[in-house]
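Chain identifiers are assigned alphabetically (A, B, ...) following the order of the sequence lines, protein sequences preceding nucleic acid strands; residue numbering begins at 1 within each chain.
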2 protein chains.
Amino acid sequence: MNITLRQLRYFLALAEQGHFTRAAEVIHVTQPALSMQIRALEEAVGTRLVERTAAGVVLTPQGRALENHARQVMASMAGLEQGLRRPGQGGRLMLGMIPTVAPYLLPSALPILRASDIGRDLHLREAQTDRLLDELSAGRLDVAVIASPPDRHDIVAQPLFTDQFLLAGSEARIDQLRGRALEPHDLDPGNLLLLDEGHCLGDQALEVCGLNRRSSRLDLGAASLSTLCRLAAQGMGLTFLPEIALRQETAAAPGLTAIRFPDPQPARDVLLVRRSSTESDGWFKELVDVLRQTGRELVKNRPS
Amino acid sequence: MNITLRQLRYFLALAEQGHFTRAAEVIHVTQPALSMQIRALEEAVGTRLVERTAAGVVLTPQGRALENHARQVMASMAGLEQGLRRPGQGGRLMLGMIPTVAPYLLPSALPILRASDIGRDLHLREAQTDRLLDELSAGRLDVAVIASPPDRHDIVAQPLFTDQFLLAGSEARIDQLRGRALEPHDLDPGNLLLLDEGHCLGDQALEVCGLNRRSSRLDLGAASLSTLCRLAAQGMGLTFLPEIALRQETAAAPGLTAIRFPDPQPARDVLLVRRSSTESDGWFKELVDVLRQTGRELVKNRPS
DNA sequence: CTCAATCATCAGTTAAGCTTATGAATATCA
DNA sequence: TGATATTCATAAGCTTAACTGATGATTGAG
């Protein structure tokens with residue numbers, strides 16, 4: 001039994017018109033074509049659906065039952081077509097972002113995205129780089145913002161902006177460092193507050209200091225950059241603060257002070273990545289533009 | 001843009017398998033056939049639905065959107081097929097009945113019908129003969145119980161049982177008549193209580209008395225037989241009481257007494273009618289049996 | 001650099017679907 | 001009651017859609 005949409009469409013026309021010839025006109029086929037489809041449908045369901053009279057047709061009880069179901073089917077088909085017809089590309093865009101970027105970039109970016117067509121049905125996922133890349137490869141994400149070059153060949157990256165690392169801590173601690181030649185390599189590993197393993201920010205911080213996780217004795221494994229900043233603000237140590245987070249974190253954690261490294265400043269490149277097989281109707285480019293612009297807004301004002 | 005069920009079915013298989021070749025196996029076609037349908041679907045909706053990679057496929061945002069809709073469509077199709085597959089003939093049976101039969105026949109018949117397959121989805125409509133026949137012809141009813149032979153050629157009747165007319169009134173009035181030779185023609189038209197015009201019972205009563213509505217001066221136009229019996233019980237006149245109603249009405253209206261006419265007793269034939277084009281898988285015969293049996297139960301015990 | 005996957009494309013065949021023409025049954029009208 | 005005009009069903013021929021089997025292009029892995 002294989003019921004086709006065509007059969008249902010024809011059947012509904014017949015049910016409405018109560019008349020083969022008229023129904024055939026409505027759906028723009030000849031009457032025999034309609035007859036054949038109805039017969040095929042009746043054969044498929046195994047029962048008579050209409051009673052043929054000399055004056056036209058009348059639905060059988062089974063026919064009425066089918067009519068209701070058929071209407072549901074057609075309604076869901078209509079929903080489908082409408083879902084595709086809406087302006088823009090029509091689908092839900094799955095966007096991933098690493099936790100050391102998301103809370104700072106999104107507040108500025110979201111309003112702009114919402115205003116544009118991209119944000120019409122945007123879903124966000126915050127996770128660490130590896131996870132994001134996995135989901136991207138698997139197709140559960142369409143694009144992701146990360147801060148380390150992807151090592152996979154099926155994924156391509158578009159640079160958004162460069163995010164410089166500042167050194168942040170309590171005012172007292174920072175003051176101790178001021179005036180001296182500040183070099184990442186000279187920092188005391190024991191004073192360094194780091195994010196949990198898996199966060200690229202922690203790894204990158206260690207890298208610019210020429211350290212690895214073993215050499216750092218105070219690995220707090222803090223869950224979020226925000227927490228880290230609050231710890232640093234209370235004098236518990238120093239942390240690398242990406243410039244993108246500067247404004248928000250200094251506002252949120254009183255006492256937190258940040259200084260800039262001398263050139264060449266350590267930095268991370270924030271990237272928008274997608275599968276190489278993805279072809280966008282321009283939304284990728286558009287998304288790059290929006291994120292790049294809002295990102296650069298966040299890093300362009302450079303206090304001290 | 002003409003999307004077919006086949007395309008949706010194939011697309012869902014592809015979405016689940018993430019792999020043309022595997023999906024093609026699942027749906028038992030060759031891989032090119034699947035490729036073609038997917039391409040046709042993409043063409044129909046105007047956008048790419050899957051990204052082709054070397055390792056398989058991944059849905060685009062639009063693809064995911066379509067997937068959800070497609071599932072809905074398939075779900076409603078499943079509902080349709082299931083609705084047809086249920087035991088019995090599967091449809092709602094529309095049964096009409098005239099008001100001078102329904103309240104007496106239904107209480108006994110309904111439990112039996114519900115137990116059988118017919119009553120699984122039975123809808124009732126109470127109306128006067130003409131209306132019932134109109135709706136039957138129009139296909140809004142499948143069968144109807146009436147008490148006068150249908151005058152239409154597209155409708156055929158199956159006799160259920162014969163329902164004899166008794167004469168009912170207050171005990172005093174009936175006592176006056178007892179002993180005398182009781183002839184319908186001898187009844188005083190002025191004493192006769194009749195149902196509203198359109199009820200066949202009223203017309204039939206007049207007919208057996210050799211009267212018409214003009215000659216009857218006390219046409220109350222009562223709405224229901226039940227009301228009529230209560231009026232008669234209070235001595236306001238005499239009425240024809242179909243035997244089918246006897247037990248219920250004498251129980252409900254204290255003081256109501258009925259006597260039987262001498263043979264040949266006036267009577268009405270209760271019929272089950274259907275369109276001549278209706279062909280039942282036996283449910284019509286079954287319905288006849290049930291109604292006939294319960295009807296005869298009601299008229300078989302004959303108190304004086 | 002070759003091999004083994006992937007999906008796409010092409011040519012030929014089969015099946016489904018439509019149209020035109022015709023047939024059987026039934027109601028309408030004279 | 002017979003002629004006519006409805007109704008829907010059926011049949012033959014054609015057109016288009018759909019599938020198969022073979023081959024090609026691309027890409028990742030050894």
Which ones in residues 22-38 of chain A lie close to DNA chain D, meaning a heavy atom under 4.0 Å from one of its atoms?
-> Gln31(A), Pro32(A), Ser35(A)

For Arg131(B), which residues count as a salt bridge (Lys or Arg N to Asp or Glu O under 4.0 Å) partner, sequence neighbours excluded?
-> Glu135(B)

Residues that Gln37(B) engages under side-chain hydrogen bond (donor to acceptor under 3.5 Å, both in side chains), provided they are two or more places apart = none

Determine which pairs satisfy salt bridge (Lys or Arg N to Asp or Glu O under 4.0 Å) with at least one residue from residues 31-46 of chain B, sequence neighbours left out, and list them in order.
-> Glu42(B)-Arg48(B), Glu42(B)-Arg52(B)

For the atom pair OG (Ser148(A)) and CD1 (Ile98(A)), what is the distance rounded to the nearest 0.5 Å?
-> 6.5 Å

Partners of Pro150(B) by side chain to side chain contact (heavy atoms under 4.5 Å, CB included), sequence neighbours excluded?
-> Leu133(B), Ile146(B), Ile155(B), Ala157(B), Leu271(B), Val273(B)

The side-chain hydrogen bond (donor to acceptor under 3.5 Å, both in side chains) partners of Ser76(B) (sequence neighbours excluded) come to Ser76(A)

Whether each nucleotide of nucleotides 25-30 of chain D has a protein heavy atom under 4.0 Å at its base (B), only at its sugar-phosphate (S) or at neither (-) is summarised, 5' to 3', as --SSS-

Taking the nucleotide of DNA chain C with the closest heavy atom to each, which residue, Phe20(B) or Ala40(A), is nearer the 5' end?
-> Phe20(B)

What pairs with Arg275(A) under salt bridge (Lys or Arg N to Asp or Glu O under 4.0 Å), at least two apart in sequence or on another chain?
-> Asp142(A), Glu51(B)

Along DNA chain C, 5' to 3', what are the outermost nucleotides having an atom less than 4.0 Å from a heavy atom of chain B?
-> dT6(C) to dA11(C)

Which residue pairs satisfy the salt bridge (Lys or Arg N to Asp or Glu O under 4.0 Å) criterion with at least one member in residues 5-22 of chain A, sequence neighbours excluded?
-> Glu16(A)-Arg71(A)

Keeping to residues at least two apart or across chains, list the salt bridge (Lys or Arg N to Asp or Glu O under 4.0 Å) pairs with something in residues 25-38 of chain A.
-> none

Partners passing salt bridge (Lys or Arg N to Asp or Glu O under 4.0 Å) against Asp154(B) (at least two apart in sequence or in another chain) | none

Roughly how many Å is it from CD in Glu51(A) to P in dC8(D), rounded to a whole number?
-> 14 Å

